[in-house]
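Working notes, beginning with the structure itself.
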Amino acid sequence: DAGVIQSPRHEVTEMGQEVTLRCKPISGHNSLFWYRQTMMRGLELLIYFNNNVPIDDSGMPEDRFSAKMPNASFSTLKIQPSEPRDSAVYFCASSSLRGNTEAFFGQGTRLTVV
Amino acid sequence: EDQVTQSPEALRLQEGESSSLNCSYTVSGLRGLFWYRQDPGKGPEFLFTLYSAGEEKEKERLKATLTKKESFLHITAPKPEDSATYLCAVQANSKLTFGKGITLSVRP
């Protein structure tokens, strides 16, 4: 398996623009997580899905952030409009709900909003 | 609210100098405690899962232990390639809550 795949790896955008981050989880995993990592706050959970259903989105900073999981093999995190304070590394991770439940992370998307 | 505190924030060791990294936690209904390693520019890489107090797991120079309130990652005779940030996380339900990590530097 290729692991969790995120795209793009790097994104530079202007303030006010829409940004869409993409994630393909490991095949067979039924939990998917979106995290944001900054020096100040570390890894923060934004939202997670079980079986494609959003379970907890309490970490989503505000209405400018939205996430979808239309099927078991694809998820998006959208920021509209983007702001400079959204600059961070965004990670997607997936895990199984049964048996070994450790989460496996993608390589991340480094977002810079100028 | 689940909380994870890691200490120290940074640790510098000489090659061969053994030490321990601490992870203190409060969680309702612990399903598991996880240790990850993160190298610069990469995503966290899974190391260990511990499920109950008293459990220990080892991998090469690393050994993780768990009590009801904390976990330790012991590093025996570290090498420069062990330099990385080590993250601890607790799982309640499906949710993983991470500490801020400990940045380990091992000098040759």
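Since the structure is predicted, the reported quantities are computational estimates derived from the model, not experimental observations. Convention: sequence-line order gives letters A, B, ...; per-chain numbering from 1.
- Neither the backbone nor the side chain of Arg110(A) comes within contact range of chain B; no heavy atom of the residue lies under 4.5 Å from a heavy atom of that chain.
- Proximity to chain A is absent for every atom of Phe48(B), based on heavy atoms less than 4.5 angstrom apart.
- The CZ atom of Phe34(B) sits 10.5 Å away from the SG atom of Cys88(B) when rounded to the nearest 0.5 Å.
- Only the side chain of Gln37(A) comes within contact range of chain B, judged by heavy atoms closer than 4.5 Å.
- Heavy atoms closer than 4.5 Å to chain B are found in the side chain of Leu45(A), but not in its backbone.
- Counting only heavy atoms from C-beta outward, the side chains of Asp56(A) and Ile47(A) never approach each other to under 4.5 Å.
- Only the side chain of Gln38(B) comes within less than 4.5 Å of a heavy atom of chain A; its backbone N, CA, C and O stay farther away.
- Note on Glu56(B) versus Lys63(B): salt bridge recorded, some NZ/NE/NH1/NH2 to OD/OE distance being below 4.0 Å.
- Relative orientation of the Tyr35(A) and Phe105(A) rings is tilted, given thresholds of 30° and 60° on the angle between their planes.
- Considering only residues two or more places apart in sequence or on other chains, Phe65(A) meets the ring pair (Phe, Tyr, Trp, His ring centres under 6.0 Å) condition with none of them.
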